[in-house]
Amino acid sequence: MATFDLVFEGGGAKCFAFAGALAQLAEAGHTHRRLVGASGGAVTALLTAAGYTPAELLAVIGEKVNDQPRFATFLDPPRAQDFGADALEKSLTLEIFKQLRVPGLPVVGRALLKALLAVPAYCQLFSLIECGGFFAGVKIYEWLRERLAAKGMSPDITFKDFAAHTGRDLSLVVSDSSEMELLVLNHRTAPDCPVAWGARMSLSIPYLWREVIWRKEWGLYRGRAKAGNVMIDGGALSNFPLWLFTTNPADPFICEVLGPAPPPAANLGLFLDDELAVPNAPPPPTLAQLLGKLRTVQRIMRIAETITVSRDKLTIEYDQQEVCCLPTLSYAATEFNMTDARRDALVAAGREAMRRHLFQGGAIVRRSLAGPPLWARSSQPTARTTQT
């Protein structure tokens, strides 16, 4: 039996594969210690740290509302009431009204803007232009709070209280687009930030979900004010932050955000590999089935998919024994309306990938604990292999 520090890559709906991988890891008798996640991986890290077992994770991803996957509600269109007075007043729409030389238009501009926001298509366009995302992200935030409450915690529990309540060391990666800085949120760096908001910030895929503005009541990050800063998807800067565990623990940044180096443990990064086929997966739905015929939405989805799958692939080249590649070929990060059959195939593929990883790399724990740490090894990447 071994104890692992786990890293979950971002990948939206593809993260369902984690449930199968974690189930196999637990059945093999292994446990976990520190947990790190970005974007969709942040949600898995949070739920695992909150005490959700692999079986409970499987139940969660299979949850349905009106015979449809609960996760499909996460692509929720914004509503007019989602935009505050400040956002309306500073909007591009009002600025255009002011510049148009139409008598009386600046006076009636606010009323006209409110009327336009009553039109769903314009409301989404306004959200995209003014808030950086086509969808509101309200439903997924509400769902995160529900999941915390289901484990006996306050839906607004902070990182500090979460660590005290669970005894887990959880870190979520977020990108601060105002200061162009990668943030690692945990009880050391952002003790007063609510963990549900931390996960929601990490999920703010550009152009897909609205950005999140850091609130003053969330306190400081590493002793610095962040109030008013715009937070977006953690995957925009590091979608697979395994480097947090493989960098020399004496590095000042690593030491500050992760604390003093604990006793040695094996590192295990769960990588969503879109080059590996999912056995027995039913055909994927077409874009028309997923999104209708709205070309703007299709374009945004393609951009979001590119962002979530394109970064950090080189990480797996440097030490493959610490990375378990989970097959996700033909699955989209935004496929939240996944059929039961496709979801089950993805979960089964994750389970089998973990089984093979532990079996084929049978010395993984001995290499990780007895051999030199990754940061002390050669920096030359090895040739990539393909799981069969």
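Values in this document were obtained by computation on a predicted structure and should not be read as measured data.
R342 places a side-chain heavy atom less than 4.5 Å from the side chain of Y331. Side-chain contact between C325 and V323 is present, with heavy atoms from C-beta onward closer than 4.5 Å. Contact check for I213 versus N229: no side-chain heavy atoms found under the 4.5 Å cut-off. The shortest side-chain heavy-atom distance between D156 and L148 does not fall under the 4.5 Å cut-off. Side-chain contact between F159 and D192: absent, with no pair of heavy atoms (C-beta onward) separated by less than 4.5 Å. No side-chain heavy atom of R355 sits less than 4.5 Å from a side-chain heavy atom of H357. Side-chain contact between V173 and L183 is absent, with no heavy-atom pair separated by less than 4.5 Å. Contact annotation: the side chain of E322 never approaches that of V7 to less than 4.5 Å [non-hydrogen atoms, C-beta and beyond].
Between A332 and A13, the shortest heavy-atom distance links the atoms O-CB, 3.8 Å. Here the shortest heavy-atom pairing between A353 and P327 reads CB-CD, 3.7 Å. A pairwise comparison of heavy atoms in A281 and A345 identifies CA-CB, 3.9 Å as the closest pair. Pairing each heavy atom of S39 with each of I205, the nearest pair is OG-CG1, 4.1 Å. Of all heavy-atom pairs between A38 and P241, the closest is CB-CD, 4.2 Å. Heavy-atom minimum distance, L113 versus F97: N-CE1, 4.3 Å.
The ring-ring contact (aromatic ring centres under 6.0 Å, His included) analysis of residues 212-239, with sequence neighbours excluded, yields the pairs W197-W218, W214-W218. Among pairs with a residue in residues 33-73, those fulfilling ring-ring contact (aromatic ring centres under 6.0 Å, His included) read F16-F71, F71-F74, F71-W143, at least two apart in sequence or across chains.
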Chi angles and distances behind the side chain to side chain contact (heavy atoms under 4.5 Å, CB included) call for E130, K90: CA-CA 9 Å; E130 303 297 339; K90 296 179 180 179; 6.0 Å; no
Working for salt bridge (Lys or Arg N to Asp or Glu O under 4.0 Å), residues R110 and E89: CA-CA 8 Å; R110 292 176 181 80; E89 195 63 33; 2.7 Å; yes
Evaluation steps, side chain to side chain contact (heavy atoms under 4.5 Å, CB included), between F135 and R210: CA-CA 6 Å; F135 298 103; R210 289 181 56 178; over 6 Å; no
Step-by-step side chain to side chain contact (heavy atoms under 4.5 Å, CB included) determination, T246 to N267: CA-CA 8 Å; T246 59; N267 298 323; 3.9 Å; yes
From CA spacing to verdict: salt bridge (Lys or Arg N to Asp or Glu O under 4.0 Å), K226, D176: CA-CA 9 Å; K226 289 289 182 180; D176 180 348; 2.8 Å; yes
Step-by-step side chain to side chain contact (heavy atoms under 4.5 Å, CB included) determination, L88 to F126: CA-CA 10 Å; L88 300 180; F126 183 91; 3.8 Å; yes
Salt bridge (Lys or Arg N to Asp or Glu O under 4.0 Å) assessment of R224 paired with E181: CA-CA 12 Å; R224 294 183 280 115; E181 178 186 11; 2.6 Å; yes
Test side-chain hydrogen bond (donor to acceptor under 3.5 Å, both in side chains) applied to T339 and R343, step by step: CA-CA 6 Å; T339 64; R343 184 196 66 234; over 6 Å; no
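L326 contributes atom CG, which lies 6.5 Å from atom CE of M354 (distance to the nearest 0.5 angstrom). The CZ atom of R222 lies 11.5 Å from the CG atom of L185; values are rounded to the nearest 0.5 Å. Distance CZ/R147 to CD/E142: 12.5 Å, rounded to 0.5 Å. For the atom pair SG of C15 and CZ of F8, the computed distance is 9.5 Å after rounding to the nearest 0.5 Å. With rounding to the nearest 0.5 Å, the separation of CG in L125 from CG in L92 is 9.5 Å. Between the CG atom in N280 and the CG atom in L346 there is a gap of 12.5 Å [rounded to 0.5 Å].
With S175 contributing its side chain and D233 its backbone, the two residues share a donor-acceptor pair below 3.5 Å. A donor-acceptor pair is defined here as one N or O able to donate and one able to accept, closer than 3.5 Å; such a pair exists between the side chain of S204 and the backbone of M201. Checking side-chain atoms of T158 against main-chain N and O of D161 turns up a donor-acceptor pair under 3.5 Å. Of the possible donor and acceptor atoms, one in the side chain of T166 sits under 3.5 Å from a partner among the backbone N and O of R168. With hydrogens and angles disregarded, no donor-acceptor distance shorter than 3.5 Å links the side chain of N186 to the backbone of L170. With hydrogens and angles ignored, the 3.5 Å screen pairs no side-chain donor or acceptor of S238 with any backbone N or O of G235. Side chain of D5 to main chain of A266: no donor-acceptor pair is present (N/O by atom type, distance under 3.5 Å, no hydrogens or angles). A donor-acceptor pair is defined here as one N or O able to donate and one able to accept, closer than 3.5 Å; such a pair exists between the side chain of R200 and the backbone of G137. Under a 3.5 Å cut-off, the side chain of N66 and the backbone N or O of Q68 do not form any donor-acceptor pair. Between the side chain of S202 and the backbone N or O of L172 there is no donor-acceptor pair closer than 3.5 Å.
Hydrophobic clustering keeps V230 apart from F134 (ILVMFWY residues linked when any side-chain heavy atoms are closer than 4.5 Å, directly or through intermediates). In this structure, L46 is not a member of the same hydrophobic cluster as V138, with clusters built from ILVMFWY side-chain heavy atoms closer than 4.5 Å. Hydrophobic clustering (side-chain heavy atoms under 4.5 Å, transitive across Ile, Leu, Val, Met, Phe, Trp, Tyr) keeps L182 apart from L220. Using a 4.5 Å cut-off between side-chain heavy atoms of Ile, Leu, Val, Met, Phe, Trp and Tyr, with links allowed through other members, V60 and L75 fall into the same hydrophobic cluster. Residue L203 is not grouped with residue I232 when hydrophobic side chains (ILVMFWY) are merged at heavy-atom distances under 4.5 angstrom, including chains of intermediate members.
In this structure, K114 places its NZ atom where only 12 or fewer heavy-atom neighbours from other residues, nucleotides or ligands lie under 6.0 Å away.
Checking each of L268, T3, T48 against H32 for a side chain to side chain contact (heavy atoms under 4.5 Å, CB included) leaves exactly one that passes, namely T48.
Residues satisfying the side-chain contact (heavy atoms from CB on, under 4.5 Å) criterion with P78, sequence neighbours excluded, are D82, F83, C123, Q124, S127, A136.
Using the six-membered ring where Trp is involved, F4 and H30 have ring planes that are perpendicular, over 60° apart on the 30 and 60° scheme.
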